[in-house]
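Contents: one structure, followed by commentary.
Everything numeric here is computed off the predicted structure, so don't read it as measured data.
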Amino acid sequence: MNKINHTAIEALQAVVGSSHVLLNELDKMPYTKGFRVGHGKALAVVLPQTLLAIWQVLEVCVSHNLIILMQASNTGVTGGSTPDGDQYDRDVVIISTRAVKGVHVIDEARQVIAFPGSTLTELENALKPYQREPHSVIGSSCIGASVIGGVCNNSGGSLIRRGPAFTEKSLFAQIDAAGQLQLVNHLGIALGQTPAEIFTRLESKQYTTGDAPDWPGRIWASDYAEHLRDTSASTPTRYNGNPEYLHDSAGSAGKLAVFAVRLPTFAASASSTTFYIGSHHERELVQLRRFLLQHLSVLPSQTEYIHRQAFDLTVRYAKHVYKAIGNRGPEKIPELFALKNRWDKWFKRLPLFPDNTVDKVIQWFNAITPDAVEPRIADYHRRFEHHLMIKTDSEAQAELDGLLQQFFADSQQQGSYFKCTAAEEKNAFLIRFGVGACTIYYCGAHNINPEERLIAFDVALRRNDDEWRIKLPEKLQQQVLLDSCCGHFFCFVNHQDYILKEGVDPHQFKQEVLDYLNDRGARYPAEHNVGHLYTASAEYSQFWHELDPTNSFNPGIGKTSKCKHWH
């Protein structure tokens, strides 16, 4: 380590204390290694405890010419919140905002202000006493995803009436073209002039809404539901990098340091009803999607798809995930991940144990314990290849039930459906949201390096597409060991994972699949953002150039330059 690095570390320690600056490689690992993919080197991981401390850490990083990587929960699946290797022209500092939690419920619970470390589960729980709910509920919330991370990535989620996470009202820091750190208040709330005053008043809630000229910005994609109903359109419903949803923090993908976002809340339904549908033919489900979108007067809240093989892999390899969520609640999952990280670190210090000892124990547990699948769902799993869950408000269930009866009364349709009990509804959605982890746990159980053999696609299909699944040419299909498919079906957002056979060139395989998707008129990624796996579009890259002209925040994202000033 050279002198300037010593100086930078000492300055960081002076701001947050030595115990909140991680330098040991094992201590840094939970932050430098992605939840699913991605890893790299960092000079230090800094753990500020307040908004003002984040600002002061940013000041140190700017004055010492350091790369800044803002990180909240580190639950991304495209590696966008971790370093990407070590080919940077400056040292990287990761600023973890996990400790800076907080949700302010404002405007008679019609809106909220969320801080950097606040999670979707924390937000959901804060709104329950008001019979309100946030933009996103169970899904990414199960793994402790952050509210601000969702906005920065324009995450889509499973709630089909609300569209991608989006707001034009936020408080953020950026570095201007002259290399100066600037604090920008677009919350629409008067908080003062200096950073110390702004952060103190915000954290202590010493403000009122409406006492400043209101920033005339949108706080959600209110036209999304009607956009969704146009099943004849040759464009997707939503995708990352869509210029319509790029503004300040929204879609910024780590190119700003975001301190707070202002978001809407929504009236929670008193109760819900879920219909479970099985089919042998995906085209039947595609026809059902169009039929329901054209005829339903009230859209469902969620429509989630699982392919049979994804179901199999989840029940075998991610059983512990959906069981833990069901038994302990999503708010406990981040604690369990943190506990696993501590165990992993402990075993790595013991030379007689393999690095994946904890994963081996988890899979032994999964192999010997009951599947915890409700009988009717298990029966449909045996009978049908394609599975679809449609959840709607209970007051709208009669209309949906009638339309399902009408659709399946046609003698050409071969699928079937049933109305779930409360236990079946819970079970179905827990399994669905365990699918995202099944391939990574399969890799862990079989000593497969996911960086080399796990290829994930997050695809927004055309609204008028006649097909749902990715149809690989035979040459590519022969290179696949296993695959897993799930998705947000009415939004036509498909999540497809491939575990490749040993010896397959993953880069060539991925490019050929992307060429196929381009021919289909699809856009990608749909909601997980580009991370370090996808190439950002020219429009998206230009947006980042404008946010971060010196390329000091999260350089290399979307396969852009890692060098200062984008050289």
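Scanning for ring pair (Phe, Tyr, Trp, His ring centres under 6.0 Å) contacts around H545 gives W566, with sequence neighbours left out. Every residue was checked against the salt bridge (Lys or Arg N to Asp or Glu O under 4.0 Å) condition with E546, not counting sequence neighbours, and none meets it.
Applying the side chain to side chain donor-acceptor pair (under 3.5 Å) test to every pair with at least one member in residues 47-56, sequence neighbours left out, gives these pairs: W55-E59.
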Trace of the side chain to side chain donor-acceptor pair (under 3.5 Å) decision for E539 with S537: CA-CA 5 Å; E539 289 176 310; S537 67; 4.9 Å; no
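The main-chain N or O of C563 is found under 3.5 Å from a side-chain atom of N551 such that the two form a donor-acceptor pair. Formation of a donor-acceptor pair under 3.5 Å by the R262 side chain with backbone atoms of L187 is found in this model. Side-chain atoms of R238 do not come within 3.5 Å of backbone N or O of P164 as any donor-acceptor pair.
Annotation: Q182, atom CD; neighbour count of heavy atoms from other residues, nucleotides and ligands within 6.0 Å is above 12.
Taking the six-membered ring where tryptophan is involved, the planes of Y540 and W544 are tilted, since the angle between them lies from 30° to 60°. A tilted orientation is assigned to the rings of Y534 and Y524, their planes being inclined by 30° to 60°.
When each of R132, R110, H135 is paired with T265, the side-chain hydrogen bond (donor to acceptor under 3.5 Å, both in side chains) condition holds for R132 and for no other.
With contacts defined as side-chain heavy-atom distances shorter than 4.5 Å, the pair Y498/F509 qualifies.
No donor-acceptor contact under 3.5 angstrom links the side chains of S170 and D248, judged on distance only. Neither side chain, T121 nor T119, offers a donor N or O lying under 3.5 Å from an acceptor on the other.
A salt bridge does not link D86 to K41: none of the charged nitrogens lies less than 4.0 Å from a carboxylate oxygen.
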